[in-house]
Amino acid sequence: ADIPLKAPQTSLGNTAHYLDAGYKPLYPFGHGLSYTTFEYGQVELISESLRAGDSLLASVVVKNTGSREGTEVVQLYIRDLVGSTTRPVKELKAFKKIKLQPHEATQVGFKIPVEKLGFYNEELKWVLEPGDFIVYIGSNSSDLNEKKFRLVE
């Protein structure tokens with residue numbers, strides 16, 4: 001009689017805790033605890049096309065949706081989608097600490113000079129390459145709202 005082959009349902013003991021635990025951190029960078037909750041609106045940009053010498057002007061409305069006063073650190077990250085060298089997925093460029101009363105909302109703005117979007121290339125020269133970028137604003141490196149913009153020559 002033919003016996004059907006089945007994959008084992010339990011581990012064979014050939015596992016490694018750190019390899020099998022997944023790739024996401026338990027707490028993302030910037031994570032914090034609070035006695036209240038915050039809600040972030042959509043990221044707004046003054047311009048979605050920037051040149052050298054300009055500044056990225058980005059803002060977001062943050063609202064305390066809880067019943068207690070709270071302090072929040074609003075974080076801005078940038079991602080360069082394509083570069084001549086491999087770029088980080090997210091780079092923290094700015095942050096602001098705000099305090100809000102229950103159900104209070106405020107607009108948090110950031111001004112980032114375009115020159116801060118540059119990096120050292122393979123020849124160790126500081127370059128500012130045109131291309132597509134994403135600005136992220138949120139409470140930590142995982143919970144973010146985003147908007148695309150372009151750096152042109």
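Residue numbers run from 1 in the order of the sequence given.
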Short question: side chain of Asn64, backbone of Gln101 - any donor-acceptor pair under 3.5 Å?
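Looks like yes, one N/O pair under 3.5 Å.
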Taking Ser59 for the side chain and Gly109 for the main chain, is one N or O donor matched with an acceptor at less than 3.5 Å?
no
In terms of relative ring orientation, are Tyr120 and Trp126 parallel, tilted or perpendicular, with 30° and 60° separating the classes?
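It falls in the perpendicular class, over 60°.
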Testing the basics here: between [X] and [Y], what is the closest heavy-atom pair and its distance to 0.1 Å?
X	Y	answer
Thr65	Glu39	CG2-CB, 3.6 Å
Ser84	Glu122	O-OE2, 4.5 Å
Asn140	Pro28	OD1-CG, 3.5 Å
Phe133	Leu151	CE1-CB, 3.6 Å
Gln75	Leu92	CB-CD1, 4.0 Å
Leu144	Tyr77	CD2-CD1, 3.9 Å

Pair Glu72 + Lys99: basic N to acidic O under 4.0 Å:
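Salt bridge between Glu72 and Lys99, a charged N being under 4.0 Å from a carboxylate O: no.
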Are [Y] and [X] connected into the same hydrophobic cluster when the rule is that any two of I, L, V, M, F, W, Y join if their side-chain heavy atoms are below 4.5 Å apart?
X	Y	result
Ile134	Val82	yes
Tyr136	Phe110	no
Ile46	Val108	no

Run the numbers on Phe95 and Ile137 for side-chain contact (heavy atoms from CB on, under 4.5 Å), then give the verdict.
CA-CA 9 Å; Phe95 60 90; Ile137 301 178; over 6 Å; no
Measuring from [X]:[atom1] to [Y]:[atom2], what's the distance to the nearest 0.5 Å?
X	Y	atom1	atom2	value
Lys90	Glu146	NZ	CD	8.5 Å
Ser67	His103	OG	NE2	6.5 Å
Asp54	Glu115	CG	CD	8.5 Å
Leu128	Glu153	CG	CD	9.5 Å
Leu117	Glu91	CG	CD	8.5 Å

Checking side chain to side chain contact (heavy atoms under 4.5 Å, CB included) between Leu50 and each of Val114, Ile112, Leu45, which is the one that passes?
Val114
Identify the residue among Val74, Leu100, Ile98, Thr71 that makes a side chain to side chain contact (heavy atoms under 4.5 Å, CB included) with Phe38.
Leu100
For Lys96, is the NZ atom crowded, meaning more than 12 foreign heavy atoms sit under 6.0 Å from it?
yes
Within 6.0 Å of CD in Gln42, more than 12 heavy atoms from elsewhere:
no
Hey, does the Lys NZ or Arg CZ of Arg87 hover above the aromatic six-ring of Phe119, less than 6.0 Å from the centre and inside 45° of the axis?
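Yes, Arg87 and Phe119 form such a contact.
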Considering only heavy atoms from C-beta outward, does the side chain of Leu56 approach that of Ile78 to under 4.5 Å?
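The answer is yes; the side chains approach within 4.5 Å.
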Validation row: Val152, Ser49 side chains within 4.5 angstrom (heavy atoms)
yes
CA sep, side-chain torsions, deciding dist, call: Lys147, Glu48, side-chain contact (heavy atoms from CB on, under 4.5 Å)
CA-CA 9 Å; Lys147 187 92 170 196; Glu48 294 180 21; 3.2 Å; yes
Just checking, is any N or O donor in the side chain of Glu69 or Thr36 under 3.5 Å from an acceptor N or O on the other one?
no
Do Thr85 and Asn121 meet the criterion of a side-chain donor-acceptor pair at a distance under 3.5 Å?
no
